[in-house]
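Okay, so here's the structure we're looking at.
Note on naming: letters A, B, ... go to the chains in the order of the sequence lines (proteins, then strands), and numbering restarts at 1 for each one. Below, all heavy atoms of this structure are taken into account, side chains as well, without hydrogens, waters or symmetry copies.
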Amino acid sequence: MPVKKVVKKKKNESATKADITKIESKINEDIESDNNKITKPTPKKPAEFEKDLNNNNTRYWLIKSEPLSRIDPVTKKDVKFPFSDLLEVEYEEWNGVRNYEARNNMLNMEKEDILLFYHSNTPSPGIVGLAKVANEAHPDSLQFNSKSNYYDSRSNKEAPKWWCVDVKFYRRFRSKITLQELRENESLVNMSLVKRGRLSVTPVRKEEYYEILKMESKKNISNNIDCEMDEKYIDP
DNA sequence: GCCAACGTTGGC
DNA sequence: GCCAACGTTGGC
């Protein structure tokens, strides 16, 4: 029978900042090692990438977020996440996506893929800037949290249903490119955003990405992008 | 595996 | 706040 080692507690013992950092990094390591034991599903690649995939090119996607306050009726929590919030963090787990097609799109993402950041549910929705994939898809932590609105009792840790990437800030646009402007552009009529309005994570073709950059380059600098963000963030 | 009922998204 | 579009659920 193993003998339990008794460690006497020091007087006035309290966790220092370094202790907390150590504990946090241990937890993160554990989570990562758990995640590595799980096989990541490999869904079909979207048709938008037929050309680019073979050449190992950077790929492009569009993700939506709500910049204005809205209280979720179930959790009573504010769902808002304006683009400027990405400045506050190293990266953000893009969790809470509960649509298979959107999930599959995230599973298909690679590190450093470009993300067009779209503000939805505003008086004038549109693309406000660019983000990048910080980390490839991993199980969405909220599906196992019974207190979360995104809890899924039918998911399990051996075969998680919901996966998501981590997102990091890249740069803001000179001005918001509105949905209306995107719709008016003839070369963007086939954009997934335009055709599949409700999907929150959509693929973007390379040609579409460059067309949008072209639209941006013609714009004057405007601070009306639904959130406070300095002009210095225009250049990467 | 069909499809009615229901829930969610998000522009307007 | 309305509601169209569309995804999901579950009975049969």
5' priority, DNA chain C, between Arg154(A) and Lys195(A) [closest heavy atom]: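 Nearest-nucleotide comparison on DNA chain C picks Lys195(A).
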Trp162(A) and Asp152(A): side chain donor to acceptor below 3.5 Å: yes
Pair Arg171(A) + Glu216(A): basic N to acidic O under 4.0 Å: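 Here Arg171(A) pairs with Glu216(A) in a salt bridge, since their nearest N and O are under 4.0 Å apart.
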Cationic N near anionic O, under 4.0 Å, Lys111(A) to Glu136(A): no
Euclidean distance, atom [atom1] of residue [X] to atom [atom2] of [N] [Å, nearest integer]:
X: Leu62(A); N: dG10(B); atom1: CG; atom2: C1'; value: 14 Å
X: Leu68(A); N: dG11(B); atom1: CG; atom2: P; value: 11 Å
X: Arg70(A); N: dG11(B); atom1: CZ; atom2: C1'; value: 13 Å
X: Glu101(A); N: dA5(C); atom1: CD; atom2: P; value: 18 Å
X: Gln180(A); N: dC12(B); atom1: CD; atom2: P; value: 8 Å
X: Asp226(A); N: dG11(B); atom1: CG; atom2: P; value: 11 Å
X: Lys64(A); N: dT8(B); atom1: NZ; atom2: C1'; value: 12 Å
X: Arg98(A); N: dT9(C); atom1: CZ; atom2: C1'; value: 17 Å

Minimum-distance nucleotide (side-chain atoms of Arg183(A) versus dT9(B), dT8(C), dG11(B)): dG11(B)
Options dG7(C), dT8(C), dG11(B), nucleotide nearest the side-chain atoms of Arg196(A):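 Closest nucleotide among those given: dG7(C).
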Any residue of residues 118-127 of chain A with a heavy atom less than 4.0 Å from an atom of DNA chain C: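 Going residue by residue through residues 118-127 of chain A, none turns out to have a heavy atom under 4.0 Å of DNA chain C.
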Arg103(A) side chain reached by Asp140(A) side chain, heavy atoms, under 4.5 Å: no
Trace of the side chain to side chain donor-acceptor pair (under 3.5 Å) decision for Asn190(A) with Lys195(A): CA-CA 6 Å; Asn190(A) 287 321; Lys195(A) 289 195 137 180; 3.2 Å; yes
Ring geometry between Phe117(A) and Phe83(A) (parallel below 30°, tilted from 30 to 60°, perpendicular above 60°):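 The rings of Phe83(A) and Phe117(A) sit tilted, inter-plane angle from 30° to 60°.
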Row check, Tyr91(A) ring normal vs Lys168(A) NZ/CZ: under 6.0 Å, within 45°: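 Checked: cation-pi criterion not met.
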